[in-house]
Structures are given as structure tokens and as C-alpha cells.
Chemist: 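The structure follows.
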Amino acid sequence: MTSEIVRFFSVQIALIAVVLILHTYIGLHIIRRTLIFSDLVLDQLAAFGAMAGIALGVEYGTFSSYLSSMVAVLLGALLLALIKPKSRAIPREAVIGIMYAMALVASLLLGDKLCGGGAYVTKTLAGSMLWVTWPLVSVTAVVYILILIFHFMFRRKFIDLAEKPDSVKSEKFWDFLLFVTQGIITVLIVPIAGVLLAYAFLMIPAAIAAMFTKKWAPAVVIGWSIGFIACLIGLCSSYYFNLPYGPSLVLSLGVFFIAAIIIRCLFPHNSSVSVKGAQ
Amino acid sequence: MLPIIQVLGLPFLACILMSSILGYLGTHVLKREVIFIDIALAQIAAVGSIAAHIAFKAHGDSALVYGCSLGCVLIAAAFYAFVRSRIIQISLEAVIGISYAIAAAAALFLVGIAPGGHMHIQHILSGSLLWAGWKQIITSLAVFSVIGVCFYLIRKPIAEISNDYQKDTAKDLRAVFWDFIFYVLLGVVITLSVQVGGIVVVFAFLIIPAIISATLTSRLGPQITIIWTSAILASLAGLLFAYYLDFSIGPVIALFLGIELVIVSIAVKLSHKSSAL
């Protein structure tokens, strides 16, 4: 019985630790460039791809189902990179928001015509992280490490994209690559964690970190540590008090986020120095 | 002909009501670049109503449920208004986006504790526009008229704040106050519309007509005309399409709004190209 619990926790914690590094880093890009909706677009497209797979007779959670999600997500990444309003009156975020609405509409309409489609909409929202297994963790870990290496090699390009986009040549191409990596991790994580938890992994640690430092490396460290602690607390409380798994993790992350905002409100500017000093 | 009017008459009225006020609010939301606000406020209001169900065993649309939703929206509005000038290095949109995640998790959490709530989530997403009744229409008409008058009275300070929302100037309490009022009224409109139409259609009515009008003109008068025309056209097309091909109404209307936007932006691009030649 004890070994069962140990096994359960070690798989979960290993997965969260791996997932959080890349999510925090990509989340920082998304937050600093205010492309908040892009993650929901990709999440929703991954879900739509899986549902379209079901419509074509592919079983949920199999390799082909991942493949159809991947196709939908690649298409989404291409659109995200290409469609960019020139007018100052229209924020890019608004266009991305509409793409999200359209992806959601497509899923809902497909759900209308799919036998038991409504159940899939809810299923993709909640995920099934409780059934994580070692092979899944290893595949996810390998892909994540490959993407991490890729992002580390080309970090200058991506950071320039966020800080001084005018200086980057072929901006749309690098944008596309950013969204593709975001899409790949989305496809891997959404069937396990669900849309909501995946989104929270991406946004909350990065947002907390972004409030305290402008530098990239410390931000990833801060985001990862706070995110990991929050997830541990969420995981334990979900296990011991028998609370719903995904929502507990998101709420635990949310508590840390609100605490960070309160700290920021109480100490508006001077504390940024001391945080850097603590590094 | 008659059965169509019987079935689609009230939903069409509901669409016109919702889109007339949401379209105007959309222009402000666009200027402020807080696109997430609709989904976030709707989700927060939903948490309130789920909490009322669980804590007080309140029924469908009792006053208690609306009260709890409104309470949650008030808290959120105060939070957004207060926090805007105080967060650094991240945008208000990010904070709103995260508050959405937290609210959605809270909803799933409450639903997970008290089973039988899954229907609720599905319902919030796609809504039940087809079953709009006179009671809902009249309530919406009354509430939206009052809020519309409020917005007319306070149009100047609100427009002032919206126009330079991205600047860091607004740290005084006056701006916080007007922001609070804006988000509260927006929250009431969204909560009520989501009850009728579902999140998808409300989001589409809020953002898409505003963007269509912003691509065509920057003056407010013509913008409003464009917004209402596009919303009415999309509602009509969506209702007929859903009726004949048997789809959910809300998503189809959103789809037609999206199609309008694509057509308009392609037309604008082509006309720019031809004028450049």
C-alpha cells in the first residue's frame, strides 16, 4: 500500500517537474507579449483535432488521435503566426481571441453531430492526470527535453521577438516556431492534464515570475520553484482530502498568484530590488 | 412561414437585445485590450451561481442565485479596477486571463464536490438561446435599458479612460472608481446575456462586431451602425442555418460573425491593394 502511494506520487511529481520548466519559459513569452489567448486557441484546436479523430473512427488517446490533434494544432500555429492586424486600433490579442471562439464553435458544432459529443467537450476540459503512467512520462520528458534544447539554442531569436520585434528578420517564421513548440507541448499535455490545468501551468508561474523580475533566467527559476511548490501543495491536498485533482492544482497555483499580486500592491516598486538581491 | 417565426422569433429578439448593448461595450473592451474580460466575468458569475446552488440549495433562477453571481462580479470588478495601475511588468489582460483559470478551476472544484454539475458547464458554453422566453426577454430589456442609460450618462469619463488605457497615468482614485463602475455594469450585462445565450455567442457579439467596425472606420457613430448591422445579419443567418440544419444556435451565430469578419478583412485588404496600385 505504501509503495503504491510512493509510486503514485513519484510519477506525478516527476511529470510536473519536467512539464513546468518549459511551460514557465514559454509562458513568459506569452505573458510579456500579451498573447494570452493563444494557449486557449491551441488547447481548443488540440481538443478539436481529437474530436475530429473520433468522428473519423479513431479512438481517443491513441497514436492516431494524437496525430489528428497535431495536425489541427500545426494549422492553428500557422494561422496564429500569419494573421496579424496592421491597424493600431485592433490588438493582436483580439484576433487571437476570435480564433479561440471559432475553434470552440467548431468543437461545439462537431459535438452536436457526434454521438455523445457533449461528454468529450467536458472530458477534454478536465483531463485525466490521475492515470499517468511511466511510459507516458518518458515520452513526454524526451519531447520536452528536445524542445528545451531547441529553445536554448535559439533563445536570442525568441527573446528578441519579445523585446524588440522590429529587429528580427523573418518575424513570422520565428513566431510560427514559437507557436509550434507551444502546440506540441499542448498536444502532449492536454489529454493528460486537461485544457484548464495546461493553461494554468503555462500562465500562472510565468505571470508570478514576470511581476518580480525582468530578466529571463531568474524568471524561469522563480516561476518553476513557485509553481512546483504550489503543485505539490495542490497534489497533497487533493490526495489526502479527496478533492478533484486538476482544479485543486489550479486553485493552489491561483492562491500563490493572488499572494504575489498582494505583495506587489503592498510594496509597489522598491521590493523588485530586494527580490533580485535574494537571487 | 409561421412556425419559423414561432420558433425563432424570441431568440432573434434576444439576439438583437444582447448585441445592441454588447456591441457598444465591445468598442471599449477593444480599446482597453482586455479581450478576456467576457469569458472571465461569465466564469466568475457562474462560480457564484454554483456556490449558491451548493451552499443554499437555491433553485435555477431564484433571486439568491443572481445575488451570489452579482456579488462575485462585484468582487472581480473591484479587483480589476484596483489592480490595473498596481501590477507591474504584466498586462491587465494577463491578470484577467489568469483570474479566468482560477474561476474555472473553482467551478470544476465545486462541481467535483457536489456531483450533477457537468450539465451546468455544457450549458454555460453553448447556452439555450432556443428556449429564450418572454420573461427573459423582458428582464433583459429592462436591465439593458437601465444600463444603457447609465452608459450614456457616464460616456465621457469612460471614453476618456478607455482611450488612453495603456498609459500609466491613471493612478488616481477617480480612474479606479470609473473603472469599477465600468466593470460592474459590464459584468451585469455579461452575466445576464450568458444566462440567455451562452459564453460563445456573448463573446462573439462583444468582440467580433467591434473589430469589424474598427477595420472600417474610427469614428464612433458609423462604428455603432456597422456593429448593429453586422450583428443583426449574423443573427438572422445563424438562426436560419441552425433551424434548417439542426445545429445549436449560439455557436452558429458566432460562426457567421466570424465569416463576416473574414469577408470584411479580405475586402479591406483588397481595396488597400487596389488603391496602392
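No hydrogens, no waters, no symmetry mates; every other heavy atom, side chains included, goes into these values. Within every chain, numbering begins at 1; the chains are lettered A, B, ... in the order of the sequence lines, protein sequences first and strands thereafter.
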Chemist: Can you tell which part of B:Ala94 gets under 4.5 Å to a heavy atom of chain A, answering side chain, backbone, both or neither?
Modeler: both
Chemist: Short question: side chain of A:Arg92, backbone of A:Leu80 - any donor-acceptor pair under 3.5 Å?
Modeler: yes
Chemist: Checking B:Ser99 against chain A: side chain, backbone, both or neither under 4.5 Å from a heavy atom?
Modeler: neither
Chemist: Pick whichever of A:Val95, A:Val250, A:Ile36, A:Leu253 has the most heavy-atom pairs under 4.5 Å with chain B.
Modeler: A:Ile36
Chemist: Chain B heavy atoms under 4.5 Å from A:Met102: which part of the residue, side chain, backbone, both or neither?
Modeler: side chain
Chemist: Heavy-atom pairs under 4.5 Å with chain A - which of B:Ile207, B:Leu261, B:Leu255 has more of them than the others?
Modeler: B:Leu255
Chemist: Relative to chain B, which segment of A:Leu40 carries a heavy atom at a distance below 4.5 Å: side chain, backbone, both, or neither?
Modeler: side chain
Chemist: Taking side chain as everything from C-beta outward and backbone as N, CA, C, O, which of these in A:Ile261 sits under 4.5 Å from a heavy atom of chain B? Side chain, backbone, both or neither.
Modeler: side chain
Chemist: Could you look at B:Ile259 and say if it's the side chain, the backbone, both or neither that has a heavy atom under 4.5 Å from chain A?
Modeler: neither
Chemist: Quick one: does any side-chain atom of B:Gln223 pair with a main-chain N or O of B:Ala210 as donor and acceptor, under 3.5 Å?
Modeler: no
Chemist: Contact part of B:Phe203 toward chain A, heavy-atom cut-off under 4.5 Å: side chain, backbone, both or neither?
Modeler: side chain
Chemist: Please examine the side chains of A:His29 and A:Leu178, heavy atoms only from C-beta on, and report whether any two atoms are closer than 4.5 Å.
Modeler: yes
Chemist: Among A:Gly254, A:Ala260, A:Ala210, single out the residue with the greatest number of heavy-atom pairs under 4.5 Å to chain B.
Modeler: A:Ala210
Chemist: So, do B:Leu92 and B:Glu33 sit near enough that their side-chain heavy atoms are less than 4.5 Å apart?
Modeler: no
Chemist: Would you find a donor on one side and an acceptor on the other, under 3.5 Å apart, between the side chain of B:Thr215 and the backbone of B:Ile211?
Modeler: yes
Chemist: Can you tell me which of B:Asp38, B:Ile98, B:Ile102, B:Val29 forms the most heavy-atom pairs within a distance under 4.5 Å of chain A?
Modeler: B:Ile98
Chemist: Check whether A:Ser107 reaches the backbone of A:Ala103 with its side chain - one donor and one acceptor, N or O, closer than 3.5 Å.
Modeler: yes
Chemist: I want to check something: taking the side chain as every heavy atom from C-beta on, are B:Leu74 and B:Phe180 in contact at a cut-off of under 4.5 Å?
Modeler: yes
Chemist: Which residues pass the side-chain contact (heavy atoms from CB on, under 4.5 Å) test with B:Ala237, sequence neighbours left out?
Modeler: B:Phe256
